[in-house]
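Numbering of residues begins at 1 and proceeds along the displayed sequence. Excluded from the calculations below are hydrogen atoms, water molecules and symmetry mates; all remaining heavy atoms, backbone and side chain alike, are included. Counting starts at 1 for both ligands and their atoms, in listed order.
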Amino acid sequence: MQRSHKTVNFQSLDIDLIKLRTQHTARENINYFESLNSTNSYLLEQGQCGDICISEKQTNGRGRRGNQWISPQTGNIFFSQCWCLDEPTKYWSLLGLITGIAIAEALQDIGLKNHGVKWPNDIYWQQRKLGGILLEAPGQSGKVVIGIGLNINVSDINSSKIDQPFVGLNDAIQNEFSRDELIIALINRLHHQLSGFADFDFKHFKKTWKIWDILQGQTVKFEHKGEIIKGKVLDINEDGCLGILTEKGDVSFFSSADIRLHKRGT
Ligand code: BTN
């Protein structure tokens with residue numbers, strides 16, 4: 001189906017303003033490019049703890065499961081941050097979910113409604129993908145690169161190259177917003193979520209997760225190790241695995257899956 005899109009001109013980001021309004025470690029560490037192969041690759045190669053990398057365009061943007069992340073210069077956000085943890089934590093596997101919460105909160109800060117996180121690493125607005133998260137760790141150093149792609153303007157994107165419904169923020173949001181405001185909110189929300197990670201409280205996390213989790217209670221269907229799983233989404237556990245009450249009546253936990261929302265009757 002052909003959709004109509006709002007076309008909004010975009011300006012380059014005002015990095016000085018962003019630095020001024022992000023009062024934390026990010027201040028001096030924002031690397032901003034017109035074009036880059038991938039903001040994740042840049043930080044994997046040369047990122048220090050806390051560094052941020054933003055590019056207006058990526059020539060080799062990467063998504064999960066080896067997919068390409070289509071990254072033209074149309075105002076979309078290509079953002080990565082290098083994060084390090086001094087102490088090992090058993091909650092590493094929740095990092096992607098925590099990042100998803102931070103993104104959802106930042107989008108709320110600038111006025112978006114009716115969005116949420118689709119386990120494990122997608123940002124959704126009304127059944128359509130608004131953004132995705134790619135976590136990559138260069139080794140056992142406790143360092144991780146958190147990559148975030150957010151669609152802002154998808155009017156020129158060739159949808160035949162993308163295998164699921166997607167949307168841009170320009171079409172999802174009712175109010176005016178600036179990309180600077182979005183980046184500021186994102187950096188601040190990420191900082192808040194990530195800096196609390198050392199003293200992580202799973203119960204508190206679950207309460208926040210429930211606010212943003214769009215899968216809970218949904219009937220879903222997906223393929224796992226060659227088997228089709230159909231069931232109802234229950235909750236996540238301390239390892240970030242998703243609990244499903246399957247058709248067979250048992251509860252199984254999954255550490256990763258490409259879950260598509262399952263329409264009733266199919
Ligand atoms: C997904 O497959 O949903 C994850 C997409 C992650 C894309 C972002 S864009 C910024 C960063 N750099 C990359 O090459 N990928 C991530």
Side-chain angles (χ1 to χ4, degrees), residues 10 13 15 18 26 29-47 50-83 93 95-104 106-107 115-125 127-138 143-154 157 159 161-169 172 179 182-183 186-187 189-190 194 212-215 222 240 242 255-261:
F10 73 93
L13 293 172
I15 298 297
I18 291 170
N29 306 336
I30 301 175
N31 304 279
Y32 179 49
F33 299 91
E34 279 296 309
S35 177
L36 204 59
N37 57 354
S38 149
T39 54
N40 262 33
S41 300
Y42 178 86
L43 290 184
L44 282 170
E45 280 155 25
Q46 49 192 293
D51 282 1
I52 284 171
C53 179
I54 304 170
S55 183
E56 293 292 359
K57 171 183 170 184
Q58 297 184 121
T59 52
N60 191 19
R62 291 180 286 109
R64 289 198 310 282
R65 286 183 275 274
N67 290 332
Q68 181 193 7
W69 186 257
I70 297 169
S71 310
Q73 188 160 2
T74 58
N76 293 342
I77 303 286
F78 311 114
F79 174 104
S80 299
Q81 179 155 27
C82 184
W83 193 257
S93 49
L95 190 59
L97 309 188
I98 287 163
T99 303
I101 291 173
I103 301 170
L107 289 165
H115 61 289
V117 186
K118 178 169 154 286
W119 179 92
N121 288 139
D122 289 334
I123 307 298
Y124 261 59
W125 179 81
Q127 318 258 344
R128 287 186 271 162
K129 182 159 169 167
L130 183 60
I133 302 163
L134 175 68
L135 299 183
E136 294 182 297
K143 182 165 127 177
V144 65
V145 173
I146 301 168
I148 298 171
L150 279 175
N151 299 329
I152 306 291
N153 170 17
V154 294
I157 289 186
S159 56
K161 287 189 179 167
I162 302 178
D163 68 346
Q164 56 188 311
F166 60 92
V167 66
L169 190 57
R179 297 189 315 141
L182 174 57
I183 296 283
L186 185 60
I187 292 173
R189 289 293 190 173
L190 261 179
L194 296 174
W212 296 111
D213 174 16
I214 64 162
L215 287 183
F222 56 95
L242 188 71
S255 60
S256 72
D258 185 10
I259 292 189
R260 305 289 158 118
L261 288 173

* **Electrostatic pair Glu136:Arg64 at N-O distance under 4.0 angstrom** => no

* **Listed partners of Tyr32 passing ring pair (Phe, Tyr, Trp, His ring centres under 6.0 Å), at least two apart** => none

* **Side-chain H-bond candidate by donor/acceptor type, Gln58 with Thr39, under 3.5 Å** => yes

* Just jot down the side-chain contact (heavy atoms from CB on, under 4.5 Å) partners of Gln46, sequence neighbours excluded, or say none. => Tyr42

* Asked: For Ile70 and Phe78, which heavy atoms make the closest approach, and how far apart are they?
  -> O-CE2, 4.2 Å

Give every pair made of an N or O atom of ligand 1 and a protein N or O atom lying under 3.5 Å apart, one pair per line with both atom names and the distance to 0.1 Å, or write 'none'.
residue: ligand 1; atom: 2 (O); partner: Arg64; partner atom: N; Å: 2.7
residue: ligand 1; atom: 3 (O); partner: Arg64; partner atom: NH1; Å: 3.3
residue: ligand 1; atom: 3 (O); partner: Lys129; partner atom: NZ; Å: 2.6
residue: ligand 1; atom: 12 (N); partner: Thr39; partner atom: OG1; Å: 3.1
residue: ligand 1; atom: 12 (N); partner: Gln58; partner atom: OE1; Å: 2.9
residue: ligand 1; atom: 14 (O); partner: Ser38; partner atom: OG; Å: 2.8
residue: ligand 1; atom: 14 (O); partner: Arg62; partner atom: N; Å: 2.8
residue: ligand 1; atom: 15 (N); partner: Arg62; partner atom: O; Å: 2.7

* Not counting sequence neighbours, which residues clear salt bridge (charged side-chain N to carboxylate O under 4.0 Å, His left out) with Asp51? List them please. => none

